[in-house]
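What follows is one structure encoded as C-alpha cells, with my remarks underneath.
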There are 2 protein chains.
Amino acid sequence: MEHPLTRCARYEKASELMGKRWTGLILRILLAGPRRFGELTDEIGSISERVLSERLKELEAEGVVSRHVDAGPPIRVAYQLTEKGQALWKVVDELARWAERWVDVKPASAARKRKSA
Amino acid sequence: MEHPLTRCARYEKASELMGKRWTGLILRILLAGPRRFGELTDEIGSISERVLSERLKELEAEGVVSRHVDAGPPIRVAYQLTEKGQALWKVVDELARWAERWVDVKPASAARKRKSA
DNA sequence: CCAAGTCACTTACTTTTTGGAAGTCACTTG
DNA sequence: CAAGTGACTTCCAAAAAGTAAGTGACTTGG
C-alpha cells in the first residue's frame, strides 16, 4: 500500500455518527440556530418523525445537541447544538463547499459498465 | 427561527452520500492511496464484503472512486479516488480534527470532561 | 363543557439495508 | 489436479428506516 494508515478509533466513531442517515442535514439546520421538533421535520421534509426522534436522541446522547423544554404553557421543545456540536461547523461547511463544486443535482448519467459482455 | 435556511439539493445529495455507513472510513483509507478490495476489507476490519462491494459501486457511480483492473496474470483490482473524490479530503480532515478534539473513545463513565486545553 | 386541534413524541407494522457465511469464477501453486 | 487466492455474489437472518395511527398535555372555538 502506498501509505500505511493507522486505525483511528476516534475517527471511526465520528464517522459512525456522521455516517447515519439524516445526521448531516439535521446538523446543517441546527447550525443556523435552535429548532423545535416540528420545525426540523418541516425543514428536512422527508424524514419520518420516528427517525428524527431517534436521531435527536442519539445526538443528545453523544453530547452534540441539547434539548430544552420550555414549559410554556404552550409547551415547546427546542434542540440546539452544544459546543461539541457547534464545532462540527467546519465539517458541514467543507461538505457544503464540496457539494457546491462537485455535486450535480440533475439525475446523474448512468455509471459506466464494468467490462462485461 | 433564528436564521432561515434555504434548502440545498446539492448538500442534501452530498450528505446522503457521506451519510451512508462506512463511506467515511472508505474515503479516509482511499485518501492515503489506492487500495485493493481485500486491503479495504482488512483495513476497515468489520465491514462485510457484501456491503463494501455495494458501497464501492455507489461511489464509483457517483464518480468519487474509480476502479482499475490490472489483468495480472494475478488479476487485481484497485480502487482509487477520482479528482472529485480527492476533493473530499477537506471534509475528512475536518471530521478527523473534530474527532481528535471531541470524541472520547472510552466508554462514557460518570463524569465527562469539559474542554481540556 | 365538550369537540377539535397542536405539539412532541410512541407504537405497531412493513419495507429496505446490513451483516454473516458460503458459493462462484478465474486463475496460481504445490 | 486438489488447494489456494482475490474479487465478488448469493442467500438468509437481523437491524434500521418508512408509514400510519395513537398518546398525553394543553388550547381554542361553539
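Letters A, B, ... are given to chains in the order of the sequence lines, protein chains preceding strands, and every chain is numbered from 1.
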Identify the pairs formed between an N or O of the protein and an N or O of nucleotides 14-16 of chain C at a distance under 3.5 Å, and give each distance.
none

* Does a side-chain heavy-atom distance below 4.5 Å link A/L56 with A/F37? -> yes

* For C/dC9, does OP1 or OP2 lie under 4.0 Å from any side-chain N or O of A/Y79? -> yes

* Any side-chain heavy atom of B/L95 within less than 4.5 Å of one from A/L95? -> no

* Would you please confirm or rule out a distance under 4.0 Å between OP1 or OP2 of C/dT10 and any side-chain N or O of A/S53? => yes

* Given D/dA16, is OP1 or OP2 found less than 4.0 Å from the side-chain N or O atoms of A/W22? -> no

* Distance below 4.0 Å between B/R76 side-chain N/O and C/dC27 OP1 or OP2 -> no

Are there any protein N/O atoms within less than 3.5 Å of an N/O atom in nucleotides 20-23 of chain C, and if so, which ones and at what distance?
none

* Asked: Among all residues two or more places apart in sequence or in another chain, which pass the salt bridge (charged side-chain N to carboxylate O under 4.0 Å, His left out) test with B/K20?
  -> B/E58

* Structure fact -> side chain to side chain donor-acceptor pair (under 3.5 Å) pairs touching residues 91-100 of chain B, sequence neighbours excluded, are B/D93-B/R97

* **Within 45° cone of A/Y79 ring axis and under 6.0 Å: A/R36 NZ or CZ** => no

* Asked: salt bridge (charged side-chain N to carboxylate O under 4.0 Å, His left out) with A/E54: which residues, sequence neighbours excluded?
  -> A/R50

* To do: Give a yes/no answer on whether the side chain of A/R55 brings an N or O atom under 4.0 Å of OP1 or OP2 in D/dA17.
  => yes

* Is the distance from OP1 or OP2 of C/dC9 to the nearest side-chain N or O of A/R67 less than 4.0 Å? -> yes

* **Test salt bridge (charged side-chain N to carboxylate O under 4.0 Å, His left out) applied to B/R7 - qualifying residues, sequence neighbours left out** => B/E12

* Give A/K57 one of three labels, base, sugar-phosphate or nothing, depending on what nucleic acid heavy atoms sit under 4.0 Å from its own. => sugar-phosphate

